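If you read the sequence from its start, that first residue is 1, and numbering goes on from there. Numbering of ligands and ligand atoms starts at 1, following listing order. Since the structure is predicted, the reported quantities are computational estimates derived from the model, not experimental observations.
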Amino acid sequence: MNDCIFCKIAAGQIPSATVYEDETFRVILDMNQAIAGHMLILPKEHYADLYELPEDTAAAAMRLAKKLAHAAAATMDLDGLNILQNNGEAAGQSVMHYHLHVLPRRRGDDTFPVWNERTASSEELTQTAETIRKGL
Ligand code: 5GP
Ligand code: ZN
(Lines give C-alpha, C1' and ligand atoms only; values in the text may rest on other atoms or scores of the structure.)
(Ligands and ions follow the chains in the order given, each with its own letter.)
Protein backbone atom coordinates (compact mmCIF):
# COMPACT_ATOMS: atom_id res chain seq x y z
CA MET A 1 0.00 0.00 0.00
CA ASN A 2 1.81 3.09 -1.27
CA ASP A 3 -0.11 5.67 0.72
CA CYS A 4 -0.42 3.82 4.03
CA ILE A 5 1.38 5.58 6.91
CA PHE A 6 1.63 2.41 9.01
CA CYS A 7 3.14 0.44 6.09
CA LYS A 8 5.83 3.14 5.87
CA ILE A 9 6.42 3.20 9.63
CA ALA A 10 6.48 -0.62 9.86
CA ALA A 11 9.01 -0.76 7.00
CA GLY A 12 11.23 1.83 8.72
CA GLN A 13 10.76 4.37 5.90
CA ILE A 14 9.37 6.84 8.44
CA PRO A 15 11.19 7.01 11.79
CA SER A 16 9.31 5.97 14.91
CA ALA A 17 10.00 5.27 18.58
CA THR A 18 10.40 1.50 18.10
CA VAL A 19 10.06 -0.77 21.11
CA TYR A 20 10.42 -4.08 19.26
CA GLU A 21 10.93 -5.41 15.74
CA ASP A 22 11.04 -8.82 14.09
CA GLU A 23 10.36 -10.03 10.56
CA THR A 24 6.57 -9.87 10.99
CA PHE A 25 5.96 -6.90 13.30
CA ARG A 26 7.18 -3.52 14.43
CA VAL A 27 5.99 -2.20 17.79
CA ILE A 28 6.01 1.59 18.15
CA LEU A 29 4.87 4.16 20.67
CA ASP A 30 1.62 5.85 19.65
CA MET A 31 2.42 9.50 18.84
CA ASN A 32 -0.65 10.46 20.92
CA GLN A 33 0.13 8.75 24.21
CA ALA A 34 -3.29 8.04 25.75
CA ILE A 35 -1.12 7.12 28.72
CA ALA A 36 2.68 6.79 29.09
CA GLY A 37 3.77 3.55 27.43
CA HIS A 38 0.86 3.39 24.92
CA MET A 39 2.17 1.03 22.21
CA LEU A 40 0.94 -0.07 18.76
CA ILE A 41 1.72 -3.51 17.33
CA LEU A 42 1.94 -3.14 13.54
CA PRO A 43 2.21 -6.09 11.13
CA LYS A 44 4.71 -5.30 8.39
CA GLU A 45 2.28 -6.65 5.76
CA HIS A 46 -0.73 -4.47 5.01
CA TYR A 47 -4.06 -5.81 6.31
CA ALA A 48 -6.86 -3.30 6.77
CA ASP A 49 -8.36 -4.90 9.85
CA LEU A 50 -9.06 -8.08 11.80
CA TYR A 51 -11.23 -9.41 8.96
CA GLU A 52 -8.29 -9.35 6.54
CA LEU A 53 -5.65 -10.49 9.03
CA PRO A 54 -4.53 -14.14 8.58
CA GLU A 55 -5.22 -16.34 11.63
CA ASP A 56 -1.51 -17.08 12.19
CA THR A 57 -0.68 -13.36 12.26
CA ALA A 58 -3.58 -12.72 14.64
CA ALA A 59 -2.25 -15.39 17.00
CA ALA A 60 1.30 -14.03 16.73
CA ALA A 61 0.09 -10.48 17.44
CA MET A 62 -1.56 -11.65 20.66
CA ARG A 63 1.59 -13.58 21.69
CA LEU A 64 3.56 -10.38 21.14
CA ALA A 65 1.00 -8.38 23.17
CA LYS A 66 1.65 -10.76 26.07
CA LYS A 67 5.41 -10.27 25.75
CA LEU A 68 4.98 -6.47 25.76
CA ALA A 69 2.59 -6.64 28.73
CA HIS A 70 5.26 -8.45 30.73
CA ALA A 71 7.95 -6.00 29.60
CA ALA A 72 5.81 -2.98 30.54
CA ALA A 73 4.89 -4.50 33.92
CA ALA A 74 8.56 -5.21 34.64
CA THR A 75 9.82 -1.75 33.72
CA MET A 76 7.02 0.78 34.24
CA ASP A 77 4.81 1.86 37.07
CA LEU A 78 1.45 0.27 36.17
CA ASP A 79 -1.53 -1.28 37.90
CA GLY A 80 -3.26 -2.86 34.89
CA LEU A 81 -3.23 -3.07 31.10
CA ASN A 82 -5.73 -3.01 28.21
CA ILE A 83 -5.38 -4.61 24.79
CA LEU A 84 -7.59 -2.75 22.34
CA GLN A 85 -8.17 -3.16 18.62
CA ASN A 86 -10.59 -1.10 16.52
CA ASN A 87 -12.20 -2.33 13.28
CA GLY A 88 -14.00 0.19 11.07
CA GLU A 89 -14.72 3.88 11.52
CA ALA A 90 -17.83 3.13 13.58
CA ALA A 91 -15.58 1.33 16.07
CA GLY A 92 -13.07 4.18 16.21
CA GLN A 93 -10.49 2.92 13.68
CA SER A 94 -8.72 5.93 12.16
CA VAL A 95 -5.75 4.23 10.43
CA MET A 96 -6.89 1.46 8.09
CA HIS A 97 -3.87 -0.79 8.67
CA TYR A 98 -4.49 -3.42 11.36
CA HIS A 99 -2.92 -2.51 14.72
CA LEU A 100 -3.25 -3.61 18.30
CA HIS A 101 -3.12 -0.98 21.05
CA VAL A 102 -1.31 -1.99 24.25
CA LEU A 103 -2.28 0.44 27.01
CA PRO A 104 -0.70 0.43 30.45
CA ARG A 105 -3.21 1.55 33.09
CA ARG A 106 -2.70 3.27 36.41
CA ARG A 107 -5.23 3.23 39.22
CA GLY A 108 -7.46 6.32 38.90
CA ASP A 109 -6.22 7.31 35.40
CA ASP A 110 -8.74 8.81 32.97
CA THR A 111 -7.39 7.05 29.85
CA PHE A 112 -10.82 5.93 28.59
CA PRO A 113 -14.04 4.38 29.83
CA VAL A 114 -14.13 0.74 28.70
CA TRP A 115 -17.82 0.78 27.74
CA ASN A 116 -21.22 1.90 28.94
CA GLU A 117 -23.22 -0.88 30.51
CA ARG A 118 -26.73 -1.70 29.25
CA THR A 119 -28.98 -4.18 30.96
CA ALA A 120 -30.22 -7.01 28.68
CA SER A 121 -32.95 -9.56 29.32
CA SER A 122 -32.07 -13.27 29.32
CA GLU A 123 -34.35 -13.67 26.22
CA GLU A 124 -32.30 -11.05 24.38
CA LEU A 125 -29.05 -12.76 25.39
CA THR A 126 -30.31 -16.16 24.22
CA GLN A 127 -31.49 -14.75 20.89
CA THR A 128 -28.31 -12.82 20.25
CA ALA A 129 -26.12 -15.84 21.04
CA GLU A 130 -28.23 -17.90 18.60
CA THR A 131 -27.86 -15.25 15.88
CA ILE A 132 -24.06 -15.10 16.14
CA ARG A 133 -23.71 -18.91 16.34
CA LYS A 134 -25.25 -19.09 12.84
CA GLY A 135 -22.16 -17.34 11.45
CA LEU A 136 -19.62 -19.76 12.96
P1 5GP B 1 -7.04 3.77 15.75
O2 5GP B 1 -7.91 4.92 16.13
O3 5GP B 1 -7.03 3.55 14.25
O4 5GP B 1 -7.32 2.50 16.50
O5 5GP B 1 -5.59 4.18 16.20
C6 5GP B 1 -4.70 4.85 15.40
C7 5GP B 1 -3.62 5.37 16.31
O8 5GP B 1 -2.49 5.65 15.53
C9 5GP B 1 -4.01 6.65 17.04
O10 5GP B 1 -3.94 6.42 18.44
C11 5GP B 1 -2.98 7.66 16.57
O12 5GP B 1 -2.54 8.50 17.61
C13 5GP B 1 -1.85 6.79 16.06
N14 5GP B 1 -1.09 7.35 14.95
C15 5GP B 1 -1.60 7.86 13.80
N16 5GP B 1 -0.60 8.26 12.98
C17 5GP B 1 0.56 7.99 13.63
C18 5GP B 1 1.93 8.18 13.30
O19 5GP B 1 2.28 8.71 12.22
N20 5GP B 1 2.87 7.79 14.22
C21 5GP B 1 2.49 7.21 15.41
N22 5GP B 1 3.50 6.86 16.23
N23 5GP B 1 1.21 7.02 15.76
C24 5GP B 1 0.24 7.40 14.88
ZN1 ZN C 1 -0.53 -0.41 5.55
Side-chain angles (χ1 to χ4, degrees):
M1 289 284 281
N2 294 340
D3 57 350
C4 172
I5 182 92
F6 279 3
C7 277
K8 289 180 183 151
I9 291 174
Q13 289 161 8
I14 295 178
S16 62
T18 293
V19 173
Y20 173 89
E21 185 183 4
D22 62 23
E23 61 189 23
T24 312
F25 298 104
R26 181 186 292 270
V27 180
I28 64 169
L29 290 181
D30 195 305
M31 68 181 185
N32 299 305
Q33 293 275 282
I35 191 164
H38 178 182
M39 294 175 266
L40 300 173
I41 299 179
L42 312 179
K44 290 186 173 178
E45 290 277 318
H46 182 90
Y47 307 106
D49 53 27
L50 185 66
Y51 296 97
E52 287 190 3
L53 193 71
E55 277 192 12
D56 285 357
T57 315
M62 194 48 79
R63 271 196 298 276
L64 182 49
K66 180 170 169 62
K67 194 186 190 68
L68 294 163
H70 284 289
T75 57
M76 301 187 89
D77 169 31
L78 61 87
D79 303 309
L81 186 124
N82 290 112
I83 305 293
L84 178 73
Q85 200 267 308
N86 301 324
N87 295 283
E89 272 177 27
Q93 185 177 8
S94 60
V95 180
M96 299 302 158
H97 175 126
Y98 173 94
H99 53 280
L100 206 56
H101 294 259
V102 179
L103 288 148
R105 298 299 298 269
R106 291 162 193 119
R107 208 165 277 117
D109 73 43
D110 60 354
T111 303
F112 63 90
V114 175
W115 52 65
N116 297 320
E117 293 190 354
R118 185 181 66 81
T119 309
S121 66
S122 60
E123 290 78 20
E124 180 186 341
L125 298 178
T126 305
Q127 248 180 28
T128 305
E130 200 177 304
T131 301
I132 299 168
R133 260 203 311 276
K134 287 181 192 149
L136 292 175

Inset, instruction - For the Zn ion (ligand 2), find the closest N/O/S atom belonging to H97 and write down its atom name. - result: ND1
Please list, in number order, the atoms of ligand 1 under 4.0 Å from a heavy atom of [X].
X   : value
N86 : 1 (P), 2 (O), 4 (O)
L40 : 8 (O)
Q93 : 3 (O)
N32 : 11 (C), 12 (O)

Legend entry - Apex the Zn ion (ligand 2) - arms SG from C7 and ND1 from H46 - angle rounded to 10°: 110°
Do [X] side-chain atoms and [Y] backbone N/O form a donor-acceptor pair below 3.5 Å?
X   : Y   : result
Q93 : A48 : yes
N82 : L84 : no
D30 : H38 : no
R26 : I9  : yes
Q33 : G37 : yes

Inset, instruction - Using the rule that two of Ile, Leu, Val, Met, Phe, Trp, Tyr join whenever any of their side-chain heavy atoms come within less than 4.5 Å, decide whether I35 and L100 are in one cluster. - result: no
Please report which non-hydrogen protein atom sits nearest to [atom], along with the residue it belongs to and the distance in Å to one decimal place.
atom                    : value
atom 16 (N) of ligand 1 : M31 CE, 3.6 Å
atom 2 (O) of ligand 1  : G92 O, 2.9 Å
atom 3 (O) of ligand 1  : S94 N, 2.7 Å
atom 1 (P) of ligand 1  : H99 NE2, 3.1 Å
atom 8 (O) of ligand 1  : F6 CZ, 3.3 Å
atom 19 (O) of ligand 1 : I9 CD1, 3.6 Å

Inset, instruction - Compute the minimum heavy-atom distance from L29 to ligand 1 and say whether it is under 4.0 Å. - result: yes
Inset, instruction - For S16 and ligand 1, answer yes if some heavy atom of the residue is under 4.0 Å from a ligand atom, otherwise no. - result: no
Inset, instruction - Nearest heavy atom to atom 11 (C) of ligand 1 wins, so pick from L84, N87, D49, D30. - result: D30
Legend entry - Any L40 side-chain heavy atom under 4.5 Å of F6 side chain: yes
Legend entry - Sub-4.5 Å side-chain heavy-atom contact between Y20 and K67: yes
Inset, instruction - Decide if atom CD of Q13 counts as having more than 12 heavy atoms of other residues, nucleotides or ligands within a radius under 6.0 Å. - result: yes
Legend entry - ligand 1-proximal atoms of H101, by part, heavy-atom distance under 4.0 Å: side chain
Inset, instruction - For the pair H97 and H99, evaluate ring pair (Phe, Tyr, Trp, His ring centres under 6.0 Å) and give the outcome as yes or no after the intermediate values. - result: CA-CA 6 Å; H97 175 126; H99 53 280; 7.7 Å; no
